[in-house]
Amino acid sequence: MTADKRLTPREQDFAAWYNEVVLRAELADYSPVRGSMVIRPWGFGIWERMQAALDQMFKDTGHENAYFPLLIPQSFIEKEAEHIEGFKPELAVVTHAGGRDLEEPLVIRPTSETIIYSMYAKWVQSYRDLPILLNQWANVMRWELRTRLFLRTAEFLWQEGHTAHATADEAQEETLRILGVYRDFMEQWVAMPVVTGLKTDSERFAGAVRTYSLEALMQDNRALQAGTSHFLGQNFSRQFDLKFQSVEGREEYAWNTSWGVSTRMVGGLVMTHGDDDGIVVPPRLAPTQVVVVPIVKGGDARAEAIHRKAEELRAILADQGVRAKVDRRSHLSPGAKFYEWERKGVPFRMELGPRDLDKEQVVLVRRIPLEDGRKKEFLSQPHAVATLPDRLESLQRDLFRRATVRREENSYRGVSEWDEMTEILETRGGFVYTGWSGDPTVEERAKDEMKATIRAIPSEEFRSTPAPTTCIGGGRASKMEVVWARAY
RNA sequence: CGGGACGUAGCGCAGUCCGGUAGCGCACCUGAAUGGGGUUCAGGGGGUCGCGGGUUCAAAUCCCGCCGUCCCGACCA
């Protein structure tokens with residue numbers, strides 16, 4: 001085995017490991033366009049599973065899908081003052097089309113609030129037309145100065161939900177409902193624990209009244225904002241004249257929410273579960289859950305029998321709803337296949353060779369070890385096949401448990417001294433819980449001194465007991481607990 | 001946009017100082033053997049040397065200009 005076949009270990013250079021694993025697990029590749037990437041079938045397969053799960057959850061909570069255009073009149077983006085302030089620097093604008101300069105430039109959507117609410121204004125007259133609960137799956141573009149595969153690309157895929165309600169309470173309830181949906185999704189599908197909470201003003205979405213987010217801790221102990229849900233108040237409805245007549249006959253502006261998660265989640269998955277051998281895909285998201293590797297010798301008369309048995313096992317697994325595949329490629333040695341599928345993070349490998357055929361067994365290998373440290377098990381064929389659905393679910397749970405333990409080990413509560421926070425964030429990293437007076441200058445100072453930000457004002461269940469009493473900035477009393485980290 | 005580095009085969013690089021037939025490793029193709037953790041041997045294909053101009057008998061190499069990429073900072077799902 002030569003050195004260049006291995007990945008740079010995470011311990012040595014996490015950023016290099018991340019890039020290599022994304023490229024070599026064939027999740028994505030660089031494209032000819034600066035900052036834009038190609039999502040390859042293995043990466044897109046994972047995204048498709050994420051989409052399918054989320055889509056179902058949205059529908060189960062009463063939402064419908066629709067589609068709005070890619071191009072937005074520039075004047076729309078400019079209507080909401082904070083919104084344009086926040087997005088102006090990263091807009092890509094079409095000024096020329098059909099061989100002529102356009103009368104009004106068209107912005108390639110960085111997000112779709114403006115065009116969507118302008119349409120809602122057309123569709124809503126009465127409280128009877130509310131709520132509107134729509135979602136769209138789309139691509140958006142933000143001209144970032146520095147990009148990273150999946151984590152920050154100029155163009156990315158996401159879903160954006162946009163709702164309109166008759167009352168503030170109802171919109172607020174929707175904002176939190178989606179926060180819960182996202183949390184379930186991240187825990188149960190991505191197996192990625194998250195801290196939910198409210199953003200401070202400095203990190204709030206441009207144009208929102210309140211932004212809630214879900215923050216995950218990556219293996220290098222930097223935070224990743226995995227999703228956001230915004231309560232927009234009437235900021236956009238006022239600008240786009242999204243009005244309705246209430247039961248009482250009054251004309252009122254609607255209350256909006258918007259929320260999204262993106263292909264960034266794939267990066268989160270990689271940095272949450274990956275190891276020095278490659279990525280580890282949670283079984284529920286894995287395009288292939290079990291790869292059957294037949295081990296056949298060129299001159300062996302049993303070669304055909306082995307392939308037949310492999311196919312038979314695959315078919316039985318498929319009947320049980322397990323996504324299995326037989327790797328019949330003859331130009332690769334078994335070892336080469338093992339490494340390849342491990343790099344791609346397939347949850348289980350099933351080896352089937354002449355010896356197994358004789359004993360009617362298989363060698364089942366788990367992508368990460370069982371609790372007792374074993375990876376390989378020799379199992380009778382019927383038993384292996386029958387237990388695989390349970391084994392997949394068990395691996396799914398183990399991944400979540402392992403990630404949660406890691407996050408807790410790297411979370412620091414009750415930190416009250418500035419120097420202590422500095423020491424943690426500049427060496428180990430992680431989530432640091434402290435008290436905060438609400439003074440934004442404390443945030444600025446942390447950003448300047450240690451490149452750290454308040455990731456969230458945590459939701460109740462994530463708060464510490466006892467609650468902090470003093471502000472981390474020194475002197476003053478704490479008004480709320482906050483979570484600090486260096487972030488992606 | 002400021003500071004630094006680099007553009008030579010799909011990938012990673014040597015060759016550039018000191019001009020003289022474009023090379024190495026991996027990958028790829030063919031054949032044979034091999035096959036339970038990255039298989040071996042033999043043969044083979046593939047390059048406008050980032051682009052444009054200049055100097056020269058002769059330029060990957062020297063000179064001028066441009067373009068692009070990556071890293072470090074300022075902006076960010």
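Predicted, not measured: the structure shown is a model, and the values here were computed from it. Below, all heavy atoms of this structure are taken into account, side chains as well, without hydrogens, waters or symmetry copies. Sequence lines set the chain letters: A, B, ... in the order given, protein chains first and strands last, and positions in each chain run from 1.
- Separation of the P atoms belonging to B:C1 and B:A9 is 29 Å when rounded to the nearest angstrom.
- Of the charged side-chain nitrogens involved, at least one lies within less than 4.0 Å of a carboxylate oxygen, so that A:K344 and A:E26 count as a salt-bridged pair.
- Taking all atoms of both residues into account, the shortest heavy-atom contact from A:G278 to A:W17 is O-CZ2, 4.2 Å.
- In this structure, B:C24 forms a base pair with B:G12, meeting either the Watson-Crick or the G-U wobble geometry with both donor-acceptor distances under 3.5 Å.
- Between the side chain of A:E340 and the base of B:G37 there is no donor-acceptor pair of N/O atoms closer than 3.5 Å.
- Checking the phosphate oxygens (OP1, OP2) of B:G35, no side-chain nitrogen or oxygen of A:K337 falls inside 4.0 Å.
- For the pair A:F156 and B:A77, the ring geometry qualifies as stacking, because the centroid separation is below 5.5 Å while the planes lie within an angle under 30°.
- Ring-base stacking between A:Y339 and B:G38 is satisfied, the centre separation being under 5.5 Å and the plane angle under 30°.
- Each of A:R349, A:R366, A:R391 was evaluated against A:E377; a single residue qualifies, A:R391, per the salt bridge (Lys or Arg N to Asp or Glu O under 4.0 Å) test.
- Taking the charged nitrogens against the carboxylate oxygens, A:R445 and A:D448 have no contact shorter than 4.0 Å, which rules out a salt bridge.
- Both A:S333 and A:V296 lie close to RNA chain B; mapped to their nearest nucleotides by heavy-atom distance, the more 5′-ward contact belongs to A:V296.
- Here the separation of B:G10 from B:C28, taken at their C1' atoms, is 8 Å to the nearest Å.
- In this entry B:G31 has B:C41 as its Watson-Crick or G-U wobble partner, both defining distances falling under 3.5 Å.
- The base-pairing partner of B:C18, taking Watson-Crick or G-U wobble contacts with both distances under 3.5 Å, does not exist among the strands shown.
- Pair assignment for B:G73: B:C1, on the basis of Watson-Crick or G-U wobble contacts that are both within less than 3.5 Å.
- Both distances falling under 3.5 Å, in either a Watson-Crick or a G-U wobble arrangement, occur for no nucleotide opposite B:G46.
- Rounded to whole Å, the separation between the C1' atoms of B:G15 and B:A33 comes to 37 Å.
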